[in-house]
Number of protein chains: 2
Amino acid sequence: MSAGPAEAVDLGPLPGFMFYALRRAQLAVAQDIQRHFAADDIRPVQFAVLVVLHRNPGLRATRVALALGVKRTNFVPLFDGLVARGLVERRPVPDDRRAAALYLTEEGAGMLGRLERLVAQHEARFAARLGLEGRYQLMGLLHRLTESAFDSG
Amino acid sequence: MSAGPAEAVDLGPLPGFMFYALRRAQLAVAQDIQRHFAADDIRPVQFAVLVVLHRNPGLRATRVALALGVKRTNFVPLFDGLVARGLVERRPVPDDRRAAALYLTEEGAGMLGRLERLVAQHEARFAARLGLEGRYQLMGLLHRLTESAFDSG
DNA sequence: TATTGTTATACTCTATAACTATA
DNA sequence: TATAGTTATAGAGTATAACAATA
(Lines give C-alpha, C1' and ligand atoms only; values in the text may rest on other atoms or scores of the structure.)
Protein backbone atom coordinates (compact mmCIF):
# COMPACT_ATOMS: atom_id res chain seq x y z
CA MET A 1 0.00 0.00 0.00
CA SER A 2 1.09 3.57 -0.69
CA ALA A 3 0.37 6.49 1.63
CA GLY A 4 -3.05 7.35 0.24
CA PRO A 5 -5.28 7.58 -2.79
CA ALA A 6 -3.29 10.50 -4.21
CA GLU A 7 -5.55 12.68 -6.33
CA ALA A 8 -8.48 11.09 -8.06
CA VAL A 9 -8.18 10.71 -11.81
CA ASP A 10 -10.58 12.97 -13.68
CA LEU A 11 -12.50 10.82 -16.15
CA GLY A 12 -14.09 13.86 -17.74
CA PRO A 13 -17.18 13.05 -19.78
CA LEU A 14 -16.58 9.28 -19.83
CA PRO A 15 -18.96 8.31 -16.99
CA GLY A 16 -21.72 10.28 -18.73
CA PHE A 17 -21.44 8.34 -21.96
CA MET A 18 -23.84 5.44 -22.35
CA PHE A 19 -21.21 3.27 -24.02
CA TYR A 20 -18.93 3.67 -21.00
CA ALA A 21 -21.62 3.15 -18.35
CA LEU A 22 -22.96 0.14 -20.23
CA ARG A 23 -19.53 -1.41 -20.46
CA ARG A 24 -18.86 -0.95 -16.76
CA ALA A 25 -22.27 -2.33 -15.74
CA GLN A 26 -21.98 -5.26 -18.11
CA LEU A 27 -18.53 -6.11 -16.75
CA ALA A 28 -19.75 -5.88 -13.15
CA VAL A 29 -22.71 -8.18 -13.80
CA ALA A 30 -20.69 -10.61 -15.92
CA GLN A 31 -17.99 -10.89 -13.28
CA ASP A 32 -20.61 -11.65 -10.64
CA ILE A 33 -22.24 -14.38 -12.69
CA GLN A 34 -18.86 -15.84 -13.52
CA ARG A 35 -18.12 -16.07 -9.81
CA HIS A 36 -21.39 -17.95 -9.34
CA PHE A 37 -20.47 -20.33 -12.19
CA ALA A 38 -16.83 -20.79 -11.24
CA ALA A 39 -17.31 -23.94 -9.13
CA ASP A 40 -19.01 -25.63 -12.10
CA ASP A 41 -16.42 -24.30 -14.58
CA ILE A 42 -19.15 -22.93 -16.85
CA ARG A 43 -19.13 -19.65 -18.75
CA PRO A 44 -22.25 -17.63 -19.49
CA VAL A 45 -22.29 -18.58 -23.17
CA GLN A 46 -22.10 -22.28 -22.27
CA PHE A 47 -25.07 -21.79 -19.95
CA ALA A 48 -26.90 -20.14 -22.83
CA VAL A 49 -26.25 -23.18 -25.06
CA LEU A 50 -27.70 -25.50 -22.41
CA VAL A 51 -30.80 -23.30 -22.07
CA VAL A 52 -31.39 -23.21 -25.83
CA LEU A 53 -31.00 -26.97 -26.24
CA HIS A 54 -33.33 -27.61 -23.33
CA ARG A 55 -35.97 -25.44 -25.00
CA ASN A 56 -35.24 -26.63 -28.55
CA PRO A 57 -34.11 -30.27 -28.43
CA GLY A 58 -32.59 -31.50 -31.68
CA LEU A 59 -31.70 -28.04 -32.98
CA ARG A 60 -28.85 -27.78 -35.50
CA ALA A 61 -25.52 -26.18 -34.73
CA THR A 62 -25.92 -23.35 -37.22
CA ARG A 63 -29.19 -22.22 -35.71
CA VAL A 64 -27.99 -22.38 -32.13
CA ALA A 65 -24.92 -20.36 -33.03
CA LEU A 66 -26.96 -17.76 -34.92
CA ALA A 67 -29.50 -17.42 -32.10
CA LEU A 68 -26.74 -16.76 -29.56
CA GLY A 69 -24.68 -14.45 -31.75
CA VAL A 70 -21.78 -16.88 -32.02
CA LYS A 71 -20.09 -17.60 -35.37
CA ARG A 72 -20.70 -21.15 -36.60
CA THR A 73 -16.97 -21.63 -36.80
CA ASN A 74 -16.45 -20.63 -33.18
CA PHE A 75 -19.38 -22.70 -32.02
CA VAL A 76 -17.53 -25.94 -32.84
CA PRO A 77 -14.88 -25.88 -30.08
CA LEU A 78 -17.40 -24.37 -27.67
CA PHE A 79 -19.76 -27.26 -28.23
CA ASP A 80 -16.92 -29.81 -28.26
CA GLY A 81 -16.03 -28.71 -24.74
CA LEU A 82 -19.57 -29.44 -23.55
CA VAL A 83 -19.54 -32.81 -25.35
CA ALA A 84 -16.26 -33.75 -23.67
CA ARG A 85 -17.91 -33.14 -20.31
CA GLY A 86 -20.90 -35.27 -21.19
CA LEU A 87 -23.38 -32.39 -20.95
CA VAL A 88 -24.56 -32.43 -24.59
CA GLU A 89 -24.43 -34.74 -27.58
CA ARG A 90 -24.69 -34.80 -31.37
CA ARG A 91 -27.10 -37.27 -32.98
CA PRO A 92 -27.39 -38.08 -36.69
CA VAL A 93 -30.25 -36.55 -38.68
CA PRO A 94 -31.92 -39.19 -40.92
CA ASP A 95 -33.00 -36.68 -43.59
CA ASP A 96 -29.66 -34.92 -43.91
CA ARG A 97 -26.43 -36.78 -43.43
CA ARG A 98 -24.40 -33.57 -43.29
CA ALA A 99 -26.16 -32.32 -40.21
CA ALA A 100 -26.26 -33.22 -36.53
CA ALA A 101 -29.12 -32.74 -34.10
CA LEU A 102 -27.98 -31.32 -30.78
CA TYR A 103 -29.36 -32.52 -27.44
CA LEU A 104 -28.81 -32.13 -23.74
CA THR A 105 -27.78 -35.32 -21.99
CA GLU A 106 -29.34 -36.26 -18.67
CA GLU A 107 -26.21 -34.99 -17.00
CA GLY A 108 -26.53 -31.76 -18.96
CA ALA A 109 -30.12 -31.34 -17.79
CA GLY A 110 -28.98 -31.79 -14.20
CA MET A 111 -26.24 -29.24 -14.68
CA LEU A 112 -28.73 -26.81 -16.23
CA GLY A 113 -30.98 -27.13 -13.19
CA ARG A 114 -28.13 -26.26 -10.85
CA LEU A 115 -27.01 -23.35 -13.02
CA GLU A 116 -30.54 -21.95 -13.20
CA ARG A 117 -30.64 -21.76 -9.42
CA LEU A 118 -27.29 -19.97 -9.42
CA VAL A 119 -28.54 -17.51 -12.02
CA ALA A 120 -31.68 -16.89 -9.99
CA GLN A 121 -29.52 -16.01 -6.97
CA HIS A 122 -27.35 -13.74 -9.08
CA GLU A 123 -30.33 -11.99 -10.67
CA ALA A 124 -32.04 -11.52 -7.32
CA ARG A 125 -28.92 -9.90 -5.92
CA PHE A 126 -28.79 -7.28 -8.63
CA ALA A 127 -32.55 -6.87 -8.92
CA ALA A 128 -32.63 -5.98 -5.23
CA ARG A 129 -30.51 -2.93 -6.06
CA LEU A 130 -33.00 -1.67 -8.58
CA GLY A 131 -36.33 -2.63 -7.08
CA LEU A 132 -39.11 -4.26 -9.07
CA GLU A 133 -39.94 -1.13 -11.02
CA GLY A 134 -36.28 -0.26 -11.60
CA ARG A 135 -35.57 -3.69 -12.99
CA TYR A 136 -38.57 -3.45 -15.29
CA GLN A 137 -37.48 -0.01 -16.49
CA LEU A 138 -33.94 -1.24 -17.10
CA MET A 139 -35.05 -4.17 -19.23
CA GLY A 140 -37.24 -1.88 -21.32
CA LEU A 141 -34.48 0.66 -21.84
CA LEU A 142 -31.91 -1.99 -22.74
CA HIS A 143 -34.33 -3.50 -25.21
CA ARG A 144 -34.77 -0.15 -26.90
CA LEU A 145 -31.01 0.29 -27.16
CA THR A 146 -30.59 -3.15 -28.66
CA GLU A 147 -33.29 -2.54 -31.23
CA SER A 148 -31.80 0.75 -32.31
CA ALA A 149 -28.64 -0.96 -33.56
CA PHE A 150 -30.57 -2.63 -36.34
CA ASP A 151 -32.28 0.47 -37.65
CA SER A 152 -31.42 2.68 -40.56
CA GLY A 153 -27.76 3.61 -40.65
CA MET B 1 -30.85 -17.85 -48.71
CA SER B 2 -33.09 -20.70 -47.58
CA ALA B 3 -36.85 -20.76 -48.06
CA GLY B 4 -37.75 -18.90 -44.89
CA PRO B 5 -37.02 -18.23 -41.26
CA ALA B 6 -37.99 -21.77 -40.29
CA GLU B 7 -39.23 -21.79 -36.70
CA ALA B 8 -37.89 -19.19 -34.33
CA VAL B 9 -35.48 -20.45 -31.73
CA ASP B 10 -36.95 -20.31 -28.24
CA LEU B 11 -34.46 -18.50 -26.02
CA GLY B 12 -36.47 -19.33 -22.91
CA PRO B 13 -35.64 -17.14 -19.93
CA LEU B 14 -32.46 -15.68 -21.46
CA PRO B 15 -33.95 -12.38 -22.70
CA GLY B 16 -35.37 -11.78 -19.23
CA PHE B 17 -32.01 -12.04 -17.50
CA MET B 18 -30.22 -8.77 -16.87
CA PHE B 19 -26.84 -10.29 -17.70
CA TYR B 20 -28.10 -11.28 -21.15
CA ALA B 21 -29.93 -8.03 -21.93
CA LEU B 22 -26.94 -6.02 -20.74
CA ARG B 23 -24.57 -8.00 -22.93
CA ARG B 24 -26.74 -7.53 -26.01
CA ALA B 25 -27.21 -3.82 -25.42
CA GLN B 26 -23.53 -3.29 -24.70
CA LEU B 27 -22.59 -5.12 -27.90
CA ALA B 28 -25.05 -3.09 -29.95
CA VAL B 29 -23.76 0.21 -28.60
CA ALA B 30 -20.10 -0.82 -28.83
CA GLN B 31 -20.52 -1.92 -32.44
CA ASP B 32 -22.11 1.40 -33.32
CA ILE B 33 -19.33 3.43 -31.74
CA GLN B 34 -16.72 1.24 -33.42
CA ARG B 35 -18.33 2.00 -36.76
CA HIS B 36 -18.07 5.70 -35.97
CA PHE B 37 -14.39 5.28 -35.03
CA ALA B 38 -13.47 2.96 -37.91
CA ALA B 39 -12.27 5.66 -40.29
CA ASP B 40 -9.83 6.91 -37.63
CA ASP B 41 -8.80 3.36 -36.67
CA ILE B 42 -9.45 4.05 -33.01
CA ARG B 43 -11.00 1.72 -30.47
CA PRO B 44 -13.12 2.89 -27.54
CA VAL B 45 -10.40 2.19 -24.98
CA GLN B 46 -7.91 4.27 -26.98
CA PHE B 47 -10.41 7.12 -27.02
CA ALA B 48 -10.71 6.77 -23.24
CA VAL B 49 -6.93 7.08 -22.88
CA LEU B 50 -6.94 10.30 -24.89
CA VAL B 51 -9.76 11.72 -22.76
CA VAL B 52 -7.99 10.89 -19.51
CA LEU B 53 -4.68 12.40 -20.63
CA HIS B 54 -6.43 15.52 -21.83
CA ARG B 55 -8.02 15.94 -18.40
CA ASN B 56 -4.94 14.80 -16.44
CA PRO B 57 -1.80 15.82 -18.32
CA GLY B 58 1.37 14.18 -17.03
CA LEU B 59 -0.40 11.27 -15.37
CA ARG B 60 1.59 8.05 -14.89
CA ALA B 61 0.85 4.87 -16.79
CA THR B 62 -0.15 2.86 -13.73
CA ARG B 63 -2.80 5.38 -12.72
CA VAL B 64 -4.27 5.70 -16.20
CA ALA B 65 -4.49 1.93 -16.50
CA LEU B 66 -6.11 1.56 -13.08
CA ALA B 67 -8.63 4.33 -13.78
CA LEU B 68 -9.73 2.66 -17.02
CA GLY B 69 -9.77 -0.91 -15.71
CA VAL B 70 -6.86 -2.01 -17.88
CA LYS B 71 -4.00 -4.09 -16.45
CA ARG B 72 -0.72 -2.17 -16.32
CA THR B 73 0.85 -4.92 -18.35
CA ASN B 74 -1.73 -4.63 -21.11
CA PHE B 75 -1.55 -0.87 -21.09
CA VAL B 76 1.97 -0.92 -22.52
CA PRO B 77 1.23 -2.13 -26.07
CA LEU B 78 -2.01 -0.12 -26.07
CA PHE B 79 -0.09 3.06 -25.29
CA ASP B 80 2.77 2.13 -27.64
CA GLY B 81 0.25 2.02 -30.46
CA LEU B 82 -0.83 5.58 -29.72
CA VAL B 83 2.81 6.70 -29.43
CA ALA B 84 3.61 5.16 -32.82
CA ARG B 85 0.82 7.26 -34.31
CA GLY B 86 2.11 10.43 -32.70
CA LEU B 87 -1.01 10.96 -30.62
CA VAL B 88 0.63 10.71 -27.17
CA GLU B 89 4.11 10.80 -25.69
CA ARG B 90 6.12 9.77 -22.63
CA ARG B 91 8.24 12.40 -20.87
CA PRO B 92 10.80 11.79 -18.12
CA VAL B 93 9.84 12.62 -14.53
CA PRO B 94 12.67 14.53 -12.77
CA ASP B 95 11.84 13.19 -9.29
CA ASP B 96 11.61 9.54 -10.28
CA ARG B 97 13.72 8.14 -13.05
CA ARG B 98 11.68 4.93 -13.20
CA ALA B 99 8.52 6.70 -14.18
CA ALA B 100 7.20 8.48 -17.27
CA ALA B 101 4.66 11.29 -17.44
CA LEU B 102 2.09 10.77 -20.17
CA TYR B 103 0.84 13.60 -22.39
CA LEU B 104 -1.32 14.18 -25.42
CA THR B 105 0.57 15.59 -28.38
CA GLU B 106 -0.93 18.40 -30.43
CA GLU B 107 -1.92 15.84 -33.00
CA GLY B 108 -3.51 13.77 -30.25
CA ALA B 109 -5.51 16.77 -29.07
CA GLY B 110 -6.76 17.29 -32.61
CA MET B 111 -7.73 13.64 -32.89
CA LEU B 112 -9.52 13.83 -29.55
CA GLY B 113 -11.58 16.76 -30.79
CA ARG B 114 -12.69 14.85 -33.86
CA LEU B 115 -13.49 11.74 -31.84
CA GLU B 116 -15.52 13.74 -29.32
CA ARG B 117 -17.73 14.97 -32.13
CA LEU B 118 -18.18 11.40 -33.36
CA VAL B 119 -19.08 10.23 -29.86
CA ALA B 120 -21.57 13.06 -29.54
CA GLN B 121 -23.25 11.92 -32.75
CA HIS B 122 -23.28 8.32 -31.54
CA GLU B 123 -24.68 9.23 -28.13
CA ALA B 124 -27.36 11.44 -29.65
CA ARG B 125 -28.47 8.59 -31.89
CA PHE B 126 -29.05 6.22 -29.01
CA ALA B 127 -30.32 8.89 -26.62
CA ALA B 128 -33.04 9.71 -29.14
CA ARG B 129 -34.38 6.19 -28.67
CA LEU B 130 -34.75 6.65 -24.93
CA GLY B 131 -35.77 10.27 -24.61
CA LEU B 132 -34.24 12.66 -22.10
CA GLU B 133 -35.89 11.04 -19.13
CA GLY B 134 -35.19 7.52 -20.36
CA ARG B 135 -31.53 8.28 -20.79
CA TYR B 136 -31.37 9.78 -17.31
CA GLN B 137 -33.10 6.73 -15.85
CA LEU B 138 -30.76 4.38 -17.70
CA MET B 139 -27.63 6.08 -16.41
CA GLY B 140 -28.95 5.93 -12.85
CA LEU B 141 -29.87 2.26 -13.11
CA LEU B 142 -26.53 1.31 -14.67
CA HIS B 143 -24.72 3.21 -11.95
CA ARG B 144 -26.59 1.25 -9.30
CA LEU B 145 -25.69 -2.04 -10.98
CA THR B 146 -22.04 -1.07 -11.17
CA GLU B 147 -21.93 -0.08 -7.52
CA SER B 148 -23.51 -3.33 -6.41
CA ALA B 149 -20.57 -5.35 -7.69
CA PHE B 150 -18.29 -3.83 -5.09
CA ASP B 151 -20.52 -4.47 -2.10
CA SER B 152 -20.49 -7.23 0.47
CA GLY B 153 -20.69 -10.73 -0.76
C1' DT C 1 -24.24 -24.54 -56.84
C1' DA C 2 -25.52 -24.14 -52.00
C1' DT C 3 -25.41 -25.73 -47.29
C1' DT C 4 -23.55 -28.16 -42.84
C1' DG C 5 -20.06 -28.77 -40.30
C1' DT C 6 -15.41 -28.28 -39.80
C1' DT C 7 -10.18 -26.92 -39.81
C1' DA C 8 -6.79 -23.56 -39.89
C1' DT C 9 -5.54 -19.16 -38.76
C1' DA C 10 -5.11 -14.45 -36.94
C1' DC C 11 -6.01 -10.55 -34.12
C1' DT C 12 -7.77 -8.60 -29.96
C1' DC C 13 -8.64 -8.86 -25.02
C1' DT C 14 -7.50 -10.45 -20.69
C1' DA C 15 -4.59 -12.54 -17.15
C1' DT C 16 -0.18 -14.22 -14.58
C1' DA C 17 4.72 -14.53 -13.77
C1' DA C 18 8.90 -12.52 -13.81
C1' DC C 19 12.40 -9.25 -15.20
C1' DT C 20 15.01 -4.13 -15.05
C1' DA C 21 16.03 -0.06 -13.05
C1' DT C 22 15.20 2.52 -9.91
C1' DA C 23 13.43 4.01 -5.09
C1' DT D 1 11.96 -4.57 0.04
C1' DA D 2 8.83 -2.12 -2.76
C1' DT D 3 7.46 0.30 -6.97
C1' DA D 4 7.15 1.77 -12.27
C1' DG D 5 7.45 0.06 -16.31
C1' DT D 6 8.13 -3.65 -19.15
C1' DT D 7 8.56 -8.45 -21.46
C1' DA D 8 6.95 -12.92 -22.32
C1' DT D 9 3.28 -15.87 -22.51
C1' DA D 10 -1.15 -18.16 -22.35
C1' DG D 11 -6.10 -18.32 -22.50
C1' DA D 12 -10.43 -16.62 -24.11
C1' DG D 13 -13.28 -14.04 -27.69
C1' DT D 14 -13.98 -12.92 -32.33
C1' DA D 15 -13.03 -12.71 -37.29
C1' DT D 16 -12.14 -14.61 -42.33
C1' DA D 17 -10.90 -18.15 -45.77
C1' DA D 18 -11.30 -22.54 -47.34
C1' DC D 19 -12.15 -27.46 -47.21
C1' DA D 20 -15.06 -32.26 -47.32
C1' DA D 21 -19.36 -34.37 -47.38
C1' DT D 22 -23.78 -33.89 -48.70
C1' DA D 23 -27.84 -31.64 -50.59
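Residue numbers start from 1 in every chain, and the chains themselves are labelled A, B, ... in the order their sequence lines are given, proteins ahead of strands.
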- Message: With heavy-atom distances below 4.5 Å as the criterion, would you say the side chains of Met18(A) and Leu138(B) are in contact?
- Response: yes
- Note on the structure: Considering only heavy side-chain atoms of Thr73(A), the closest of dA17(D), dG5(C), dT6(D) is dA17(D)
- Message: Expected output is a numbered-order residue list: members of residues 42-61 of chain A with a heavy atom under 4.0 Å from any atom of DNA chain C. What is it?
- Response: Arg60(A), Ala61(A)
- Is the closest side-chain heavy-atom distance between Ile42(B) and Leu87(B) below 4.5 Å? yes
- Electrostatic pair Glu107(A)-Arg85(A), nearest N-O below 4.0 angstrom: no
- Message: Check whether Arg55(A) reaches the backbone of Asp10(B) with its side chain - one donor and one acceptor, N or O, closer than 3.5 Å.
- Response: no
- Can you sort out which residues in residues 79-99 of chain B have a heavy atom within less than 4.0 Å of DNA chain C? Ascending by number, please. Asp95(B), Asp96(B), Arg97(B), Arg98(B)
- Grab the stems for DNA chain C, please: at least three consecutive Watson-Crick or wobble pairs, both distances below 3.5 Å, written as range with range. C:1-23 with D:1-23
- Query: Any idea which of dT7(C), dT4(C), dT14(C) is nearest the Asn74(B) side chain?
  - Reply: dT14(C)
- Does the pair Asp80(B)/Arg90(B) count as a salt bridge with the N-to-O cut at 4.0 Å? yes
- Donor-acceptor under 3.5 Å (Gln46(A) side chain, Arg43(A) main chain): yes
- Message: Distance check, rounded to the nearest 0.5 Å: Phe47(A) atom CZ versus Leu14(B) atom CG?
- Response: 6.0 Å
- Query: DNA chain D: Leu27(B) or Arg72(B), which has the more 5' nearest nucleotide?
  - Reply: Arg72(B)
- Has Arg91(B) got its NZ or CZ under 6.0 Å from the middle of the six-membered ring of Tyr103(B), at an angle within 45 degrees of the ring axis? yes
- Check each of Val64(B), Val70(B), Leu53(B) against Phe79(B) using the side chain to side chain contact (heavy atoms under 4.5 Å, CB included) test, and report the only one that passes. Leu53(B)
- What's the spacing between Gln137(A) CD and Gln137(B) CD if we round to 0.5 Å? 4.0 Å
